[in-house]
Amino acid sequence: MKPPQILIVEDDRKMRLALREIMTKEGYSVDTVETGEAALERAGGTSYDLVITDLKLPGIDGMDVLKAIRRLRPETSVVMITAYATVDTAVEAMRGGAEDYISKPFNLDEIRLIVRKVLEKRALLDDNRLLRSQLKKKYSYDNVVGNSEAMIEVYKTIDKVKDSKATVLILGETGTGKELVARAIHYNSIRAEQPFLPVNCAALTESLLESELFGYVKGAFTGAVKDKQGVFETADGGTVFLDEIGDISLRLQQVLLRVLENGEIQPVGSTKRKKVDVRVVAATNRNLEELMKSSEFRADLYYRLNVISLRLPSLIERKEDIAALASHFLLKYSTENNKAIMGISKEALRALERYDWPGNVRELENVIERATLLETADEITLESLPEKMRASPDKPPVVPDEDLKTLEEVGRAYIIRVLEKTGGNKARASEILGINRTSLWRMMQRLNIVA
Ligand SMILES: Nc1ncnc2c1ncn2[C@@H]1O[C@H](COP(=O)(O)OP(=O)(O)OP(=O)(O)O)[C@@H](O)[C@H]1O
Ligand SMILES: [Mg+2]
């Protein structure tokens, strides 16, 4: 069994070395750092059993470390070291989720005992935790965040279909995670060791797309100086992800149908067919049934692709996941940009939860990335969110006495608020405002409103 892993955060050198020595003698595996910033960096990469942190540190202090660990690493216990004069802080630390505290000056027996006690308590809890994490693992996929009912359904479907060769059609609005889920299917399947090759069908012309998918032989067209493999061949044994499938031409739809039916491809310009073993996952944010009605999409291909379909919920259907998603992106971008931002303020979170998210998770990700860069406080505040999210829809656009506004300013604020409420839908907004769409558009231009 691995020894418990402990991280000691202490700026006083003598103290740090002493603690390291005692803990190492106890048989624990010990890391030490001098600052709160370094502690968070370490804790980001390692799941420690216990973090022992001094309260007083230069920069990020022990309370901040505690808060951040509670959020980033709920599985890690924290013990706080406080000076004896500050009983209040010890109490505050316990309230903040510390497992215990040690007050300075302490004797060695005391600290040994406290650490043993905390680790034993964890061992007891671990059985439980193991069970829970197994369950979680069963229905959660790397990087796919969200515990809402709608997402649990998605995980269950992925789980059921991942190892089959059946084609999966992923539907959902833009930015709902279609590509992410396609990858999750592949990388959790028995094909995971083989390639996952995405192709954006909307980005290529018909003939380029055909060559890209099925390859070509030398002389097939001007410039085809030697044979080239298509992705269906390169991905043999793996998965091809056909993104924006609603955008392929009718002729290619027919070619694709044949490939799906008999598992054979025919490179452009070749007379020979080749067998390939490829699993196809396709995605689109277009309405394929509508496209079928207008004869832009072949019904036979639709039914072929639609053997299993997975509809990803838009973010507004799973607002309860916003907090978890926002934290996930905050961790990602604060680490990437070396910023010590520990959380999201209540007001900012409320604003995020109130917004309609027409661009879904991608939009949320962009908002958090931007906020992480702009933020100067140690948490994301309302001020670093885009203006359209900051106004409170619960109140009319107030005109504070000390800061009287012109009619135009108030009008501008009101238009922004209505646009927010309608998720940027100008038709609905103009209805509410009682003006026609052209007038709304003109006003937006004049008042410099970007929707
Ligand atoms: N459930 C989720 N958990 C974590 N990140 C997510 C989730 N859903 C989406 N994302 C992130 O949001 C961004 C957009 O996701 P993705 O590219 O998969 O969307 P999409 O549905 O393919 O969008 P489009 O239709 O515009 O191509 C990506 O950076 C992705 O990692
Ligand atoms: Mg996509």
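Remember, it's 1-based here, ligands and their atoms both numbered in the order they're listed. Note that this is a predicted model, so its numbers are computed, not measured.
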Going by the order shown, which atoms of ligand 1 are within less than 4.0 Å of some heavy atom of Phe329?
5 (N)
Atom 10 (N) of ligand 1: closest protein heavy atom, distance to 0.1 Å, is Val361 CG1, 3.4 Å
Minimum-distance protein heavy atom relative to atom 26 (O) of ligand 1
Thr174 OG1, 2.5 Å
Judging by distance only, is a nitrogen or oxygen of Glu365 under 3.5 angstrom from one on ligand 1?
yes
Polar atom proximity, Met151 to ligand 1 (N or O, under 3.5 Å):
no
Would you check whether Gly177 has a nitrogen or oxygen atom less than 3.5 angstrom from a nitrogen or oxygen atom of ligand 1?
yes
Check whether any N or O atom of His328, backbone or side chain, sits under 3.5 Å from an N or O atom of ligand 1, and answer yes or no.
no
Minimum-distance protein heavy atom relative to atom 3 (N) of ligand 1:
Val145 N, 2.8 Å
Could you check atom 17 (O) of ligand 1 against the protein and tell me its nearest heavy-atom contact, residue, atom and distance included?
Arg362 NH2, 3.2 Å
Give the atom numbers and elements of ligand 1 that come within less than 4.0 Å of a heavy atom of Arg318.
1 (N)
Quick one: which residue pairs count as a salt bridge (Lys or Arg N to Asp or Glu O under 4.0 Å) with a foot in residues 310-328, not counting sequence neighbours?
Arg311-Glu317, Arg318-Asp321
Per-atom filter on ligand 1: closer than 4.0 angstrom to a heavy atom of Leu325 are 2 (C), 3 (N), 4 (C)
Assess whether a salt bridge exists between Lys274 and Glu264, defined as any Lys/Arg side-chain N lying under 4.0 Å from an Asp/Glu carboxylate O.
no
For Glu369, state whether at least one heavy atom is located under 4.0 Å from any atom of ligand 1.
no
Do Leu180 and ligand 1 have an N or O pair less than 3.5 Å apart?
yes
Is a donor from one side chain sitting under 3.5 angstrom from an acceptor on the other, for Glu10 and Thr32?
no
Nearest non-hydrogen protein atom, atom 22 (O) of ligand 1
Glu179 N, 3.3 Å
On the 0 to 90° scale, with breaks at 30° and 60°, tag the Phe196-Phe241 ring pair as parallel, tilted or perpendicular.
parallel
Numbering as shown, the atoms of ligand 1 that approach Val144 to under 4.0 Å (heavy-atom distance)
1 (N), 3 (N)
Testing the 3.5 Å rule here: is there a donor-acceptor pair between the side chains of Asp31 and Tyr48?
yes
With no hydrogens and no angle check, just 3.5 Å: does a side-chain donor-acceptor pair link Tyr333 and Glu365?
yes
Considering only non-hydrogen protein atoms, determine which one is nearest to atom 25 (O) of ligand 1 and report residue, atom name and distance to 0.1 Å.
Lys178 NZ, 2.6 Å
Will you find, in the side chains of Glu75 and Ser47, an N or O donor that is under 3.5 Å from an N or O acceptor?
yes
May I ask you to identify the nearest protein heavy atom to atom 23 (O) of ligand 1, giving residue, atom name and distance to one decimal place in Å?
Gly175 N, 2.8 Å
Atom pair CG/CZ of Asp300 and Arg258 - distance to nearest 0.5 Å
11.5 Å
Salt bridge (Lys or Arg N to Asp or Glu O under 4.0 Å): pairs with one or both residues in residues 176-201, sequence neighbours excluded
Glu179-Arg183, Arg191-Asp277
Carefully, step by step, assess Arg412 and Glu387 under the rule salt bridge (Lys or Arg N to Asp or Glu O under 4.0 Å).
CA-CA 12 Å; Arg412 180 171 190 274; Glu387 183 179 331; 3.7 Å; yes
Donor-acceptor side-chain pairing of Ser345 and Glu379 below 3.5 angstrom
no
May I ask you to check whether Asn200 and Glu244 show a side-chain donor-acceptor distance below 3.5 Å?
no
Using a 4.0 Å heavy-atom cut-off, which part of Asn285 comes near ligand 1: side chain, backbone, both, or neither?
side chain
Please state which protein non-hydrogen atom is closest to atom 4 (C) of ligand 1 and give its distance, to 0.1 Å?
Asn143 O, 3.1 Å
